[in-house]
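Chain identifiers are assigned alphabetically (A, B, ...) following the order of the sequence lines, protein sequences preceding nucleic acid strands; residue numbering begins at 1 within each chain. These figures come from a predicted structure and were not determined experimentally.
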Protein chains: 2
Amino acid sequence: MSVTTDRLRDLIHTTQGELPPLTAELVRDLEVPDRMAIAEVAALTGVSAHTLRYYERIGLVDVPRDAAGRRVYDRDAVGRVVFITRLRDSDMPIAAIARYVELVKQGPETEPERLALLEAHREDILHRLRDLQGALAVVDYKITTYGGACGT
Amino acid sequence: MSVTTDRLRDLIHTTQGELPPLTAELVRDLEVPDRMAIAEVAALTGVSAHTLRYYERIGLVDVPRDAAGRRVYDRDAVGRVVFITRLRDSDMPIAAIARYVELVKQGPETEPERLALLEAHREDILHRLRDLQGALAVVDYKITTYGGACGT
DNA sequence: GTAGGACTTCGAGTGCACTCGAAGGCAAGC
DNA sequence: GCTTGCCTTCGAGTGCACTCGAAGTCCTAC
């Protein structure tokens with residue numbers, strides 16, 4: 001793993017990008033090697049090789065091959081993996097991601113439905129954030145009142 | 001379902017309690033019926049009767065019974081269910097909750113370990129919040145740039 | 001030329017958290 | 001007294017997202 005990809009892995013996992021809050025785009029714009037083996041992608045993204053193959057098998061990413069049939073991830077494929085990872089991290093079901101990818105394959109006339117999918121997922125994320133903040137408040141309260149009366 | 005329990009269900013599901021950011025405690029302090037049937041608890045908490053039985057079966061809550069063997073949830077039991085729900089909502093694994101409950105049963109000398117468990121979970125929640133905010137940024141970006149070039 | 005290691009496909013296995021269904025008990029209302 | 005409906009236990013089934021293992025291929029280094 002080069003210094004470059006190390007730095008990139010950090011960038012990819014940084015949530016607070018300054019101006020473009022991106023990741024998939026980052027991968028395409030910055031100098032990631034354009035021909036990566038599956039193990040390198042796994043190291044870069046934190047997704048296991050097994051899971052990367054699984055994602056391809058179910059149609060979430062298309063990955064080019066070399067003459068011997070080995071996967072060669074280009075920047076595009078890596079970008080897609082990173083994007084999928086973001087969606088999974090925020091609990092978008094595989095089925096919804098698959099639907100989204102299918103729409104992209106079908107062409108530009110599916111953009112409204114894609115947008116609707118993303119907006120629905122956005123609502124899910126906001127809901128999830130509220131839940132988590134509520135839970136955090138409860139846990140914080142429990143922590144700060146420890147030594148107090150409770151037995152729950 | 002009475003007006004009281006309707007109001008309470010709202011309170012329970014409100015994330016932004018003003019001063020005490022509580023829920024389990026709320027249940028104990030406010031006037032929830034002290035003898036609730038499983039279906040009532042299900043309606044109040046949003047947890048299915050099946051799941052409530054499951055929680056009891058695996059030792060997460062103890063629930064008193066009436067003469068005929070039917071579950072009668074007192075305020076305490078309801079409070080525990082609500083607390084468990086908060087932990088589950090924030091993805092604490094059942095096993096960790098079970099461990100916590102076991103510690104509570106063992107008595108006050110286990111408080112340090114309980115506290116450690118909660119603090120670890122607190123870190124998990126914070127981590128999760130960061131992930132979600134990152135994902136939100138990515139999704140928002142995708143949404144606002146739709147109609148743009150991207151095909152990912 | 002051969003050992004090592006990273007890769008391939010395929011199908012099957014795992015873990016978690018429910019979720020369901022069957023078979024039966026019991027109290028209330030008609 | 002019988003239906004209705006909510007309750008009980010128990011074990012089995014489900015769905016999701018991986019995760020693994022076996023058997024084989026291919027390039028590199030010695």
Side-chain angles (χ1 to χ4, degrees), chain A residues 1 5 33 35-74 77-78 81 83-101 121 124 128 131 135, chain B residues 1 5 33 35-74 77-78 81 83-101 121 124 128 131 135:
Chain A
M1 180 96 4
T5 50
R35 300 178 47 80
M36 299 181 75
I38 192 165
E40 296 174 304
V41 177
L44 182 66
T45 61
V47 178
S48 79
H50 272 301
T51 300
L52 287 171
R53 288 189 204 102
Y54 165 70
Y55 283 170
E56 186 184 356
R57 192 158 68 202
I58 63 176
L60 298 194
V61 244
D62 288 340
V63 184
R65 305 306 175 101
D66 68 9
R70 281 190 233 93
R71 289 171 181 80
V72 181
Y73 286 77
D74 54 19
V78 174
V81 167
F83 183 53
I84 290 165
T85 304
R86 287 304 194 159
L87 296 180
R88 288 292 309 127
D89 280 353
S90 50
D91 295 323
M92 184 185 272
I94 292 274
I97 301 177
R99 174 78 184 138
Y100 183 84
V101 169
H121 183 53
D124 289 346
R128 198 86 192 80
D131 273 3
Chain B
M1 182 92 7
T5 50
R35 300 177 48 81
M36 299 180 75
I38 193 167
E40 296 173 305
V41 178
L44 181 66
T45 61
V47 178
S48 78
H50 272 302
T51 301
L52 287 171
R53 289 189 203 102
Y54 165 69
Y55 284 169
E56 185 184 356
R57 193 158 66 200
I58 63 175
L60 299 194
V61 244
D62 288 339
V63 184
R65 306 304 175 103
D66 67 9
R70 282 190 231 95
R71 287 169 182 82
V72 179
Y73 286 78
D74 55 19
V78 174
V81 168
F83 183 54
I84 290 167
T85 304
R86 287 303 195 162
L87 296 181
R88 289 293 307 127
D89 280 353
S90 50
D91 295 323
M92 184 184 273
I94 293 274
I97 301 178
R99 173 77 184 139
Y100 182 85
V101 169
H121 182 54
D124 289 346
R128 198 87 193 77
D131 273 3

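Contacts of B:A37 with the nucleic acid, taken as non-hydrogen atoms under 4.0 Å apart, involve only primed sugar atoms and P, OP1 or OP2.
Here the closest non-hydrogen pair linking A:L44 and A:V78 is CD2-CG1, 3.9 Å. The shortest non-hydrogen separation linking A:Y73 to A:V81 is CE2-CG2, 4.2 Å. Considering every non-hydrogen atom in both B:E40 and B:M36, the closest pair reads OE1-CA, 3.3 Å. Here the closest heavy-atom approach between residue B:A77 and residue B:D62 is recorded as CB-O, 4.0 Å.
Take A:R99 and apply the side-chain hydrogen bond (donor to acceptor under 3.5 Å, both in side chains) test, not counting sequence neighbours, and it matches A:E102, A:E113. By the side-chain hydrogen bond (donor to acceptor under 3.5 Å, both in side chains) test, B:R88 pairs with no residue at all, sequence neighbours left out. The side-chain hydrogen bond (donor to acceptor under 3.5 Å, both in side chains) test applied to A:R65 returns A:E56, not counting sequence neighbours.
What separates CD of B:E56 from P of C:dC18 is a distance of 16 Å, to the nearest Å. Nucleotide D:dA17 holds its P atom 14 Å from the CG atom of B:D91, rounded to whole Å. Separating the OH atom of A:Y73 from the C1' atom of C:dT8 is a distance of 12 Å, rounded to the nearest angstrom. At whole-Å resolution of the value, CD1 in B:I58 and C1' in C:dA17 are 8 Å apart. Distance, B:L52 CG to D:dT9 C1': 16 Å, rounded to whole Å. For B:I94 and C:dT19, the CD1 to P distance is 11 Å, given to the nearest whole Å. Counting to the nearest Å, the C1' atom of D:dC26 and the CD1 atom of A:I38 are 16 Å from each other. In this entry the distance linking CD of A:E40 with P of C:dC7 reads 8 Å, nearest Å.
Among the nucleotides D:dT8, C:dT19, D:dT19, the one closest to any side-chain atom of A:Y54 is D:dT19. Out of C:dC7, D:dT19, C:dT8, the shortest distance to the side chain of A:A39 is found at C:dC7. For B:T51, counting side-chain heavy atoms from C-beta on, the closest listed nucleotide (D:dT19, C:dT8, C:dC18) is C:dC18.
The shortest distance between the side-chain N/O atoms of A:R71 and the OP1/OP2 oxygens of C:dC7 is not below 4.0 Å. Contact annotation: A:Y55 side-chain N/O to D:dA17 OP1/OP2 distance is not under 4.0 Å.
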Between the protein and nucleotides 20-28 of chain C, are there any N/O to N/O pairs under 3.5 Å, and if so, what are the atom names and distances?
none

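End-to-end axis angle of the helix from C:dG1-D:dC30 to C:dC30-D:dG1, from C1' rotation axes over five pairs per end: 10° (rounded to 10 degrees).
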Donor-acceptor pairs under 3.5 Å, side chain of residues 46-55 of chain B to any protein atom, not counting sequence neighbours: which ones?
from: B:S48; atom 1: OG; to: B:T51; atom 2: N; distance (Å): 3.0
from: B:S48; atom 1: OG; to: B:T51; atom 2: OG1; distance (Å): 2.9

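Comparing B:V72 and A:S48, the nucleotide of DNA chain D nearest to each residue sits closer to the 5' end for B:V72.
No side-chain heavy atom of B:I97 sits under 4.5 Å from any side-chain heavy atom of B:H121.
For the pair B:R128 and A:D131, the salt-bridge criterion is not met [side-chain N within less than 4.0 Å of a carboxylate O].
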